[in-house]
Amino acid sequence: MCERTPFPFPDKYFDYILCSQTLEDLRDPIWVCSELVRIGKRGYIEVPSRRLEMTRGVESLGYAGHYHHRWLIEIKDNLLLFRFKTCLLNESWRYHLPPRAFAQLPRADRVSYLFWEGTFYFREEITISYGEVQRELEAYVRRQGVYSPLRYRVSDLIRAVKRRMPRFQHWYRRWWRRA
(Lines give C-alpha, C1' and ligand atoms only; values in the text may rest on other atoms or scores of the structure.)
Protein backbone atom coordinates (compact mmCIF):
# COMPACT_ATOMS: atom_id res chain seq x y z
CA MET A 1 0.00 0.00 0.00
CA CYS A 2 2.87 2.41 0.63
CA GLU A 3 4.95 1.88 -2.51
CA ARG A 4 3.99 5.31 -3.84
CA THR A 5 2.47 3.87 -6.96
CA PRO A 6 -1.03 5.30 -7.40
CA PHE A 7 -3.89 2.96 -6.62
CA PRO A 8 -5.24 1.50 -9.89
CA PHE A 9 -8.44 3.58 -9.89
CA PRO A 10 -9.33 6.87 -11.58
CA ASP A 11 -10.07 10.03 -9.60
CA LYS A 12 -13.30 9.97 -7.54
CA TYR A 13 -14.03 6.41 -8.67
CA PHE A 14 -15.61 5.23 -5.40
CA ASP A 15 -18.74 6.74 -3.87
CA TYR A 16 -17.74 5.67 -0.36
CA ILE A 17 -14.46 4.47 1.14
CA LEU A 18 -14.14 2.61 4.42
CA CYS A 19 -10.73 2.61 6.10
CA SER A 20 -10.90 1.00 9.53
CA GLN A 21 -7.98 0.13 11.82
CA THR A 22 -5.40 0.36 9.02
CA LEU A 23 -3.56 3.69 9.01
CA GLU A 24 -1.85 3.13 12.38
CA ASP A 25 -0.07 0.05 10.98
CA LEU A 26 1.31 1.56 7.77
CA ARG A 27 4.79 2.82 7.10
CA ASP A 28 3.50 5.81 5.08
CA PRO A 29 -0.09 6.68 6.05
CA ILE A 30 0.20 10.16 4.51
CA TRP A 31 0.53 8.65 1.06
CA VAL A 32 -2.44 6.36 1.65
CA CYS A 33 -4.57 9.28 2.86
CA SER A 34 -3.73 11.26 -0.28
CA GLU A 35 -4.82 8.31 -2.40
CA LEU A 36 -8.05 7.90 -0.42
CA VAL A 37 -8.92 11.55 -1.09
CA ARG A 38 -8.04 11.13 -4.76
CA ILE A 39 -10.11 8.00 -5.47
CA GLY A 40 -13.05 8.58 -3.11
CA LYS A 41 -15.94 11.01 -2.95
CA ARG A 42 -16.62 10.46 0.75
CA GLY A 43 -15.78 7.95 3.42
CA TYR A 44 -15.19 6.82 6.96
CA ILE A 45 -11.84 6.49 8.73
CA GLU A 46 -11.42 4.74 12.08
CA VAL A 47 -8.20 4.51 14.10
CA PRO A 48 -7.35 3.60 17.72
CA SER A 49 -7.64 6.67 19.91
CA ARG A 50 -4.46 8.30 21.11
CA ARG A 51 -5.57 7.69 24.68
CA LEU A 52 -5.75 3.93 23.99
CA GLU A 53 -2.36 3.88 22.26
CA MET A 54 -0.72 5.66 25.20
CA THR A 55 -2.22 3.40 27.86
CA ARG A 56 0.01 0.71 29.34
CA GLY A 57 -1.43 -2.79 29.54
CA VAL A 58 -3.63 -2.90 26.42
CA GLU A 59 -1.83 -5.98 25.06
CA SER A 60 0.78 -6.58 27.73
CA LEU A 61 1.66 -4.91 31.01
CA GLY A 62 5.11 -3.92 29.82
CA TYR A 63 4.01 -1.96 26.78
CA ALA A 64 1.80 1.03 25.99
CA GLY A 65 -0.93 0.50 23.40
CA HIS A 66 -0.72 -2.12 20.69
CA TYR A 67 2.89 -3.15 20.17
CA HIS A 68 2.64 -3.39 16.36
CA HIS A 69 1.17 0.10 15.76
CA ARG A 70 3.54 2.73 14.40
CA TRP A 71 1.51 5.91 14.88
CA LEU A 72 -0.33 7.92 17.52
CA ILE A 73 -3.22 9.46 15.59
CA GLU A 74 -5.44 12.31 16.67
CA ILE A 75 -8.48 13.49 14.76
CA LYS A 76 -9.30 17.17 15.16
CA ASP A 77 -12.21 18.46 13.09
CA ASN A 78 -11.35 17.36 9.54
CA LEU A 79 -7.62 16.76 10.21
CA LEU A 80 -5.74 13.53 10.89
CA LEU A 81 -2.58 14.28 12.86
CA PHE A 82 0.06 11.53 12.82
CA ARG A 83 2.84 11.31 15.43
CA PHE A 84 5.40 8.54 15.35
CA LYS A 85 4.86 6.16 18.27
CA THR A 86 8.20 6.30 20.00
CA CYS A 87 9.64 3.81 22.45
CA LEU A 88 9.82 6.66 24.99
CA LEU A 89 6.22 5.82 25.85
CA ASN A 90 7.50 2.90 27.88
CA GLU A 91 10.44 4.70 29.50
CA SER A 92 8.65 6.42 32.37
CA TRP A 93 5.25 6.66 33.99
CA ARG A 94 5.26 10.32 32.90
CA TYR A 95 4.89 9.35 29.22
CA HIS A 96 2.07 6.81 29.31
CA LEU A 97 -1.23 6.28 31.05
CA PRO A 98 -1.55 3.58 33.73
CA PRO A 99 -3.34 0.25 33.12
CA ARG A 100 -6.30 1.41 35.23
CA ALA A 101 -6.94 4.08 32.58
CA PHE A 102 -7.62 1.31 30.05
CA ALA A 103 -10.08 -0.40 32.39
CA GLN A 104 -11.92 2.92 32.86
CA LEU A 105 -11.92 3.80 29.15
CA PRO A 106 -15.40 3.34 27.63
CA ARG A 107 -15.55 1.30 24.43
CA ALA A 108 -16.63 4.35 22.43
CA ASP A 109 -13.45 6.21 23.46
CA ARG A 110 -11.12 3.45 22.33
CA VAL A 111 -11.40 4.57 18.73
CA SER A 112 -11.38 7.89 16.91
CA TYR A 113 -13.28 8.28 13.69
CA LEU A 114 -13.88 10.71 10.87
CA PHE A 115 -16.71 10.87 8.35
CA TRP A 116 -15.50 12.89 5.39
CA GLU A 117 -16.95 14.20 2.18
CA GLY A 118 -14.96 15.65 -0.70
CA THR A 119 -11.68 15.85 1.21
CA PHE A 120 -10.04 15.63 4.59
CA TYR A 121 -6.67 16.91 5.79
CA PHE A 122 -3.72 15.01 7.15
CA ARG A 123 -0.20 15.73 8.26
CA GLU A 124 2.67 14.25 10.21
CA GLU A 125 3.73 16.09 13.35
CA ILE A 126 7.51 15.88 13.47
CA THR A 127 9.40 16.31 16.72
CA ILE A 128 13.12 16.43 16.22
CA SER A 129 14.72 16.37 19.63
CA TYR A 130 14.47 13.85 22.44
CA GLY A 131 13.45 16.64 24.83
CA GLU A 132 10.62 17.81 22.56
CA VAL A 133 9.18 14.31 22.42
CA GLN A 134 9.39 13.97 26.20
CA ARG A 135 7.68 17.33 26.77
CA GLU A 136 4.89 16.57 24.31
CA LEU A 137 4.18 13.11 25.75
CA GLU A 138 4.25 14.39 29.33
CA ALA A 139 1.95 17.30 28.46
CA TYR A 140 -0.58 14.90 26.96
CA VAL A 141 -0.50 12.61 30.01
CA ARG A 142 -0.88 15.60 32.36
CA ARG A 143 -3.93 16.82 30.39
CA GLN A 144 -5.57 13.43 30.96
CA GLY A 145 -5.37 13.98 34.72
CA VAL A 146 -4.70 10.36 35.71
CA TYR A 147 -1.79 11.11 38.04
CA SER A 148 -2.00 13.44 41.02
CA PRO A 149 -0.09 16.75 40.98
CA LEU A 150 1.63 15.62 44.18
CA ARG A 151 3.19 12.66 42.36
CA TYR A 152 4.70 15.04 39.79
CA ARG A 153 6.03 17.37 42.50
CA VAL A 154 7.63 14.54 44.47
CA SER A 155 9.11 13.06 41.31
CA ASP A 156 10.55 16.44 40.26
CA LEU A 157 12.07 16.89 43.69
CA ILE A 158 13.64 13.44 43.61
CA ARG A 159 15.02 14.11 40.11
CA ALA A 160 16.62 17.34 41.30
CA VAL A 161 18.18 15.65 44.32
CA LYS A 162 19.41 12.71 42.21
CA ARG A 163 21.21 15.06 39.87
CA ARG A 164 23.05 16.64 42.77
CA MET A 165 23.81 13.53 44.85
CA PRO A 166 24.83 10.32 43.08
CA ARG A 167 24.79 8.33 46.34
CA PHE A 168 21.15 9.20 46.80
CA GLN A 169 20.25 6.89 43.89
CA HIS A 170 20.69 3.70 45.91
CA TRP A 171 18.51 4.94 48.75
CA TYR A 172 15.92 6.26 46.30
CA ARG A 173 15.62 2.94 44.47
CA ARG A 174 15.02 1.03 47.70
CA TRP A 175 12.50 3.62 48.92
CA TRP A 176 10.60 3.80 45.63
CA ARG A 177 10.19 0.02 45.44
CA ARG A 178 8.58 0.02 48.87
CA ALA A 179 6.35 3.04 48.10
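A cation-pi arrangement is absent between Arg123 and Phe82 under the rule of less than 6.0 angstrom and at most 45 degrees off the ring axis. Remark: Arg151 is positioned above the aromatic ring of Trp93, its terminal NZ or CZ atom under 6.0 angstrom from the ring centre and at most 45 degrees off the axis. A cation-pi arrangement is absent between Arg94 and Tyr152 under the rule of less than 6.0 angstrom and at most 45 degrees off the ring axis.
Among residue pairs with one or both ends in residues 110-122, none qualify as side chain to side chain donor-acceptor pair (under 3.5 Å); sequence neighbours excluded.
Considering only heavy atoms from C-beta on, Glu53 stays 4.5 Å or farther from Val58 through its side chain. Residues Arg70 and Glu24 have side chains not in contact (no heavy-atom distance under 4.5 Å, counting atoms from C-beta outward). No side-chain heavy atom of Glu125 sits less than 4.5 Å from a side-chain heavy atom of Phe84. In this structure the side chain of Glu74 reaches within 4.5 angstrom of the side chain of Arg83, judged on heavy atoms. The shortest side-chain heavy-atom distance between Glu59 and His68 falls under the 4.5 Å cut-off. The shortest distance between side-chain heavy atoms of Ile39 and Lys12 does not fall below 4.5 Å. Ser60 has its side chain out of reach of Tyr67: every pair of non-hydrogen atoms, C-beta onward, lies at least 4.5 Å apart. Between Tyr147 and Pro98 the shortest side-chain heavy-atom distance falls below 4.5 Å.
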**Message:** If you apply the rule side-chain contact (heavy atoms from CB on, under 4.5 Å), what do you find for Arg51 with Asp109, and how did you get there?
**Reply:** CA-CA 8 Å; Arg51 187 173 170 98; Asp109 293 342; 5.8 Å; no

**Prompt:** Could you go step by step and tell me if Glu138 and Tyr95 meet the side-chain hydrogen bond (donor to acceptor under 3.5 Å, both in side chains) rule?
**Reply:** CA-CA 5 Å; Glu138 185 172 342; Tyr95 310 136; 4.8 Å; no

**Item:** Steps toward side-chain contact (heavy atoms from CB on, under 4.5 Å) verdict (Val154, Ile158)
**Value:** CA-CA 6 Å; Val154 168; Ile158 290 172; 3.8 Å; yes

**Request:** Tell me, with the steps shown, if Glu46 and Tyr44 meet side-chain hydrogen bond (donor to acceptor under 3.5 Å, both in side chains).
**Result:** CA-CA 7 Å; Glu46 181 181 283; Tyr44 172 79; 2.6 Å; yes

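Formation of a donor-acceptor pair under 3.5 Å by the Arg38 side chain with backbone atoms of Pro6 is not found in this model. With hydrogens and angles disregarded, a donor-acceptor distance shorter than 3.5 Å links the side chain of Thr22 to the backbone of Ser20. Formation of a donor-acceptor pair under 3.5 Å by the His96 side chain with backbone atoms of Ser92 is found in this model. With Arg56 contributing its side chain and Leu89 its backbone, the two residues share no donor-acceptor pair below 3.5 Å. When atom types are taken as modelled, the side chain of Arg42 and the backbone of Asp15 share a donor-acceptor pair closer than 3.5 angstrom. With hydrogens and angles disregarded, a donor-acceptor distance shorter than 3.5 Å links the side chain of Lys85 to the backbone of Ala64.
Residues Leu97 and Val133 fall within the same hydrophobic cluster, defined by Ile, Leu, Val, Met, Phe, Trp and Tyr side chains chained together at heavy-atom separations under 4.5 Å. Hydrophobic clustering (ILVMFWY, side-chain heavy atoms < 4.5 Å, transitive): Tyr63 and Val141 are in distinct clusters. Taken together through direct or relayed side-chain contacts under 4.5 Å among Ile, Leu, Val, Met, Phe, Trp and Tyr, Tyr130 and Tyr140 form part of one hydrophobic cluster. A chain of hydrophobic side-chain contacts below 4.5 Å, direct or via other Ile, Leu, Val, Met, Phe, Trp or Tyr residues, connects Ile30 to Leu26. Using a 4.5 Å cut-off between side-chain heavy atoms of Ile, Leu, Val, Met, Phe, Trp and Tyr, with links allowed through other members, Trp71 and Leu81 fall into different hydrophobic clusters.
When all heavy atoms of Val146 and Ala101 are compared, the closest pair comes out as CG1-CB, 4.4 Å. In this structure, Leu114 and Asp77 approach most closely via the heavy-atom pair CD1-O, 3.5 Å.
Aromatic ring centroids of Tyr16 and Phe14 lie 6.0 Å or more apart. Not less than 6.0 angstrom separates the ring centroid of Trp31 from the ring centroid of Phe7.
Here the rule is side-chain contact (heavy atoms from CB on, under 4.5 Å) with Ile45, and of Leu23, Ile17, Ile73 only Leu23 fits it.
Atoms CG and CZ, on Leu137 and Arg142 in that order, are 13.0 Å from each other to the nearest 0.5 Å. One finds the CG atom of Leu88 at 11.0 Å from the CD atom of Glu136 (value rounded to the nearest 0.5 Å). Separating the SG atom in Cys33 from the CD atom in Glu124 is a distance of 11.5 Å, to the nearest 0.5 Å. If you take CG on Leu80 and CZ on Phe120, they are separated by 6.0 Å, rounding to the nearest 0.5 Å. Going from atom CZ of Phe102 over to atom CG of Leu52 covers 6.0 Å, rounded to the nearest 0.5 Å.
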